[in-house]
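Here is the structure we will look at.
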There are 2 protein chains.
Amino acid sequence: MAPQHDDARERLIEGTCELLWDRGYVGVSPAAILRRSGVGQGSMYHHFKGKSDLVLEAERRSAALMQEEFTAIFAADTTAFARISAYLLREREVLRGCRVGRLVADPDVVVDDQLREPVRETFALLHRFLAEAIEEGRAAGEFAASLDADETADTLAAVIQGGYALSRAEQSVAPYERAVRGALALLRASAPESSARTDH
Amino acid sequence: MAPQHDDARERLIEGTCELLWDRGYVGVSPAAILRRSGVGQGSMYHHFKGKSDLVLEAERRSAALMQEEFTAIFAADTTAFARISAYLLREREVLRGCRVGRLVADPDVVVDDQLREPVRETFALLHRFLAEAIEEGRAAGEFAASLDADETADTLAAVIQGGYALSRAEQSVAPYERAVRGALALLRASAPESSARTDH
DNA sequence: GTCTATATTCTGATAGAC
DNA sequence: GTCTATCAGAATATAGAC
């Protein structure tokens with residue numbers, strides 16, 4: 001809608017996304033954003049009301065990006081286990097953590113419904129995809145009939161978010177990878193005829 | 001070793017623990033610590049070299065507290081599943097998150113080996129307790145023989161840390177509780193004769 | 001639209017009196 | 001040991017020129 005190359009605004013949002021990912025809301029300053037984006041101070045206050053306004057826009061950008069990513073993964077026409085597995089084993093910048101989940105570590109974000117919303121929405125969508133896959137896999141006999149889809153979905157989502165924390169504490173991807181493999185193994189072991197399965 | 005009631009120092013550490021828990025390293029300021037602890041500025045710089053020195057002491061305090069808590073839980077003379085279950089179902093301030101795990105959200109902590117160490121050590125101890133319990137339960141036929149103790153231990157630890165993130169995003173304890181129940185259900189369903197088990 | 005001052009408040013730390 | 005200045009620098013925002 002803008003007269004093309006609304007470049008400064010775009011660069012501000014992208015720079016803020018990166019800084020938010022690494023440093024969170026309190027850890028990011030307008031000055032740092034300007035340095036990173038290579039635009040001047042006046043430019044930022046022209047396009048945005050202030051820090052929280054820019055951050056909100058950047059959060060929405062990050063959330064949309066992540067939602068597209070896992071929407072694509074869960075759209076695959078494969079078994080439920082394969083989709084879940086593809087999501088869990090997706091390439092990730094483990095030591096950097098989750099660009100969306102990171103945000104709720106910050107009390108200023110959690111306390112503000114607007115700033116919290118993109119995170120809430122992203123997790124809600126992921127929950128839906130995971131729960132659907134589990135329900136489907138359960139019906140197909142891929143998983144134990146005793147599993148609760150909503151519970152198991154949150155378990156899997158938590159494994160990812162928590163795996164980041166374990167790995168950051170050790171500065172090694174190993175804990176994250178073990179946590180994910182452990183989750184997939186539990187899921188597989190729950191299958192009615194688990195001993196008969198081959199790895200996919 | 002001090003002439004008793006080394007009160008200011010103690011209050012500084014305790015106040016810093018609480019503030020760190022809620023706001024992390026970058027979110028906490030000396031001024032806020034002083035307000036909360038009710039001591040003067042000079043007092044703080046007498047007992048500590050500066051912010052990071054005080055924070056390090058507070059981190060060690062928080063880490064020790066948490067390590068005592070789960071050491072006690074895993075010392076119980078019960079089945080492996082009961083101990084794991086007791087750990088996962090322990091009372092927690094879910095929406096506040098983990099007082100230790102919270103710290104590695106902060107890049108200033110992750111980047112500094114000293115500041116990271118209390119977190120690393122705490123997670124390492126938890127891993128040991130969980131892996132031991134899983135190994136024991138596996139040997140006793142409580143869990144699937146196919147489970148890898150180290151992997152499963154990290155899965156469970158990650159569920160806790162990640163459950164906090166999900167719950168903070170929704171401002172509800174429900175996602176955390178579902179994640180934990182889902183993890184226990186997976187563990188139970190993995191048992192060789194899982195259909196024959198009764199709840200503990 | 002973007003820039004360069006400028007203002008105000010907070011942060012992290014020091015100095016020196018008591 | 002604790003207190004009250006005081007300080008340099010950063011954070012967040014505004015003003016006004018171009």
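By convention in this document, chain letters (A, B, ...) are assigned in the order of the sequence lines, proteins followed by strands, and residues within each chain are numbered from 1.
Taking the side chain of Ala8(B) as heavy atoms from C-beta on, and the options dA13(D), dT2(D), dT2(C), the nearest nucleotide is dT2(D). Comparing dC3(D), dA13(D), dC3(C) by their nearest atom to the side chain of Gln41(A) picks out dA13(D). Side-chain proximity of Tyr45(A) to dC3(D), dG1(C), dT12(D): nearest is dT12(D).
Remark: of the listed residues Glu135(A), Glu136(A), Glu142(A), Glu135(A) is the sole one forming a salt bridge (charged side-chain N to carboxylate O under 4.0 Å, His left out) with Arg138(A).
Between the side chain of Arg11(B) and the backbone N or O of Ser37(B), at least one donor-acceptor pair lies under 3.5 Å. Although no hydrogens or angles enter the test, the distance criterion places a donor-acceptor pair under 3.5 Å between the side chain of Trp21(B) and the main chain of Gly97(B). Judged by distance alone, the side chain of Arg120(A) and the main-chain N or O of Ala169(B) form no donor-acceptor pair under 3.5 Å.
Proximity of His46(A) to the phosphate of dC3(C): no side-chain N or O atom is located under 4.0 Å from OP1 or OP2. In this model, the phosphate group of dT11(C) is approached by a side-chain N or O of Ser29(B) to a distance below 4.0 Å at OP1 or OP2.
Rounded to a whole Å, the CG atom of Leu54(B) is 10 Å from the P atom of dA13(C). Distance Leu34(B) CG to dG1(D) P: 18 Å, rounded to the nearest Å. Taking atom CZ of Arg23(A) as the reference point, atom C1' of dA11(D) lies 13 Å away to the nearest angstrom. As rounded to whole Å, 14 Å separates atom P of dC10(C) from atom CG of Asp108(A). In this structure, OH of Tyr25(A) is placed 14 Å from P of dA11(D), rounded to the nearest angstrom. Leu12(B) places its CG atom 12 Å from the C1' atom of dG1(D), with the value rounded to the nearest Å. Going from atom CE of Met44(A) over to atom C1' of dA13(D) covers 9 Å, rounded to whole Å. Atom CZ of Phe48(A) and atom C1' of dG1(C) are 13 Å apart (whole Å).
Residues Gly50(A) and Gly42(B) each lie close to DNA chain D; by heavy-atom proximity, the contact nearer the 5' end of the strand is made by Gly42(B).
Judged by a 6.0 Å distance limit and a 45° cone about the ring axis, Arg90(A) is not positioned over the six-membered ring of Phe74(A).
Here Val26(A) lies out of heavy-atom contact (under 4.0 Å) with every strand.
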